[in-house]
A.B. asks: 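Sending over a structure as structure tokens; questions will come in a sec.
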Amino acid sequence: MKKTLALSLLISVLLCGCAVNAPVEREIFAMDTVMMLRVWGNESDAAAAVAEINRLDALLSVTNENSEIFALNRDGEAELSMETYDLLVKAVAVSRRTEGAFDPTVYPLVEAWGFTHDAQAVPAQDEINEALALVGYEQLENHLDVTCLSIDGMLDFGGIAKGYTARKVVDLLQERGVDTAFLNLGGNVQTLGSKPDGEAWTVGIADPENPSQAIGCLRFTGSLALVTSGGYQRYFEENGVRYHHILDPKTGYPAQSGLASVTVLAKDGALADGLSTALFVMGMEEASALWRASDDFEVVFITQDGIIFATEGAASLLTDCEFTVIKR
Amino acid sequence: MKTRTWILLFSALAAVCLLCTFLILNDASTGGTATVRSDGVTVMTLDLSKDGEYRIASDYGMNTLRVENGKVSVISADCPSQDCVHHAPASSGAPIVCLPNRLVITFSTAQEYDAIIG
């Protein structure tokens with residue numbers, strides 16, 4: 001009888017083992033995008049991940065009237081929590097590294113072009129100049145040693161918040177004992193650990209000409225953040241000219257760098273998120289120079305002609321396409 | 001423990017394994033389906049081999065889907081941006097999303113990738 005019991009237990013454990021290999025999946029709407037989470041853990045782990053996303057959305061949102069960022073933009077100054085301050089420091093670090101190609105104060109320009117709502121149009125030059133006068137991450141630098149921030153323009157973490165959130169969620173999951181997760185926060189992918197079956201993660205890079213299909217695939221194991229910025233993602237046409245949503249904080253116009261998309265791979269989600277925008281604005285030559293001077297990210301570039309370039313580290317993961325390797 | 005008990009137990013285990021294998025293979029072989037989710041909840045699974053039109057209404061808004069020639073498209077939506085309507089008819093690849101109406105259409109064949117980003 002004992003043996004029968006033991007055997008039954010063994011079988012139960014084996015069958016449960018199968019169940020553990022299936023992730024808990026969640027699809028949620030937050031930060032103005034759709035997010036898909038796969039957590040190899042239990043229901044409460046997935047619920048904790050969702051709660052963390054919603055908490056950070058409320059904290060960092062530029063449109064939520066209860067957020068610190070909303071108060072700052074309305075009043076011109078606000079007391080920041082340590083968490084918001086932490087992200088501010090990260091954002092300014094990316095701005096410095098990219099000499100302002102990524103700028104968390106670009107919001108007045110985004111507003112002028114109508115990308116914050118659904119009435120996009122080319123603004124008059126005067127309007128662009130007015131917005132440009134309010135843009136400049138340098139106004140944040142003077143306040144980096146205190147948590148009370150005053151600002152002339154507006155602060156928006158839209159270009160970095162999803163990557164930051166992804167990192168915070170995997171940190172939380174790890175604290176809960178979860179070894180494996182795959183998060184897709186509206187195109188910001190963050191993996192935690194490797195798949196239980198040992199297979200590689202497969203992340204397709206969208207074809208700029210046909211974004212619902214992949215033009216190449218990054219295969220890797222372990223924890224990594226991947227973020228793509230592309231001019232095809234949001235745009236409008238006026239008098240036969242296409243204007244996309246990635247604005248150059250220096251000119252005030254959509255970046256014309258000859259690139260169709262930039263995919264950044266990094267351990268840190270916030271860095272990958274901020275850099276993907278910045279490198280798109282900078283163009284391949286300047287972005288490659290920054291990569292050569294750094295050791296914490298890799299890049300896949302797709303030019304407007306559809307040619308793919310990959311830095312050495314990204315090249316070792318890139319499959320299913322032809323590409324040119326960018327060497328150090 | 002009697003030999004018969006062992007045989008019974010292993011037969012039961014083998015039967016469960018066979019059933020699992022059948023379910024997994026069967027799921028992968030169907031290929032042409034699309035799952036429609038409204039605010040994160042699956043509301044419909046579309047067989048892409050059967051043409052038809054479907055209205056999906058939720059608290060967030062209304063979308064009309066059309067299945068034709070093995071592909072699904074959103075032919076109308078009461079949202080302001082109309083991104084989902086501009087999405088080409090599809091049977092694979094990245095999901096079709098109507099963000100304001102919280103509608104997501106995913107494809108069974110998309111599982112080639114964990115995600116497509118961009």
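Quick note on labels: first sequence line is chain A, next is B, and so on, each numbered from 1. We use all heavy atoms of the structure for the numbers below, so side chains are in, but hydrogens, waters and symmetry mates are not.
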A.B. asks: Of all heavy-atom pairs between B/Gly118 and A/Ala206, which one has the smallest distance, and what is that distance?
C.D. replies: CA-CB, 4.0 Å
A.B. asks: What distance separates B/Ile116 CD1 from A/Asp207 CG, expressed to the nearest 0.5 Å?
C.D. replies: 10.0 Å
A.B. asks: Do A/Glu27 and B/Val41 come within less than 4.5 Å of each other through their side chains, counting heavy atoms only?
C.D. replies: no
A.B. asks: Given a strict heavy-atom distance threshold of 4.5 Å, which part of A/Arg38 is in contact with chain B: side chain, backbone, both, or neither?
C.D. replies: side chain
A.B. asks: Need one label for B/Pro100: side chain, backbone, both or neither, based on atoms under 4.5 Å from any heavy atom in chain A.
C.D. replies: neither
A.B. asks: Under a 4.5 Å heavy-atom cut-off, does chain B meet the side chain of A/Ala200, its backbone, both or neither?
C.D. replies: backbone
A.B. asks: Heavy-atom cut-off 4.5 Å, strictly under: side chain, backbone, both or neither for A/Leu226 against chain B?
C.D. replies: both
A.B. asks: How close do B/Glu112 and A/Thr202 get, heavy atom to heavy atom, and via which atoms?
C.D. replies: O-OG1, 3.4 Å
A.B. asks: Compare all side-chain heavy atoms of B/Ile117 with those of A/Val227 and state whether any distance is below 4.5 angstrom.
C.D. replies: no
A.B. asks: Might you confirm whether atom CZ of A/Phe236 has over 12 heavy atoms from other residues, nucleotides or ligands at distances under 6.0 Å?
C.D. replies: yes
A.B. asks: Please tell me if the side chains of B/His87 and A/Pro211 come closer than 4.5 Å, counting only heavy atoms from C-beta onward.
C.D. replies: no
A.B. asks: For residues B/Tyr113 and A/Val203, determine if any side-chain heavy atom of one lies less than 4.5 Å from a side-chain heavy atom of the other.
C.D. replies: no
A.B. asks: Is it true that B/Ser92 and A/Gln213 share a donor-acceptor pair across their side chains at a distance under 3.5 Å?
C.D. replies: yes
A.B. asks: Is it the backbone or the side chain of A/Ser229 that comes under 4.5 Å from a heavy atom of chain B, or both, or neither?
C.D. replies: neither
A.B. asks: Can you tell me if A/Glu209 has over 12 outside heavy atoms packed within less than 6.0 Å of its CD?
C.D. replies: no
A.B. asks: For A/Asp320, does the CG atom sit with more than 12 other heavy atoms under 6.0 Å from it, leaving out its own atoms?
C.D. replies: yes
A.B. asks: Between B/Asp114 and A/Lys195, is there a side-chain N and carboxylate O pair less than 4.0 Å apart?
C.D. replies: yes
A.B. asks: Where on B/Asp83 is there a heavy atom nearer than 4.5 Å to chain A: the side chain, the backbone, both, or neither?
C.D. replies: neither
A.B. asks: Between B/Leu103 and chain A, with a heavy-atom cut-off of 4.5 Å, which part of the residue counts as in contact: side chain, backbone, both or neither?
C.D. replies: backbone
A.B. asks: For A/Phe182, is it the side chain, the backbone, both or neither that has a heavy atom under 4.5 Å from a heavy atom of chain B?
C.D. replies: side chain
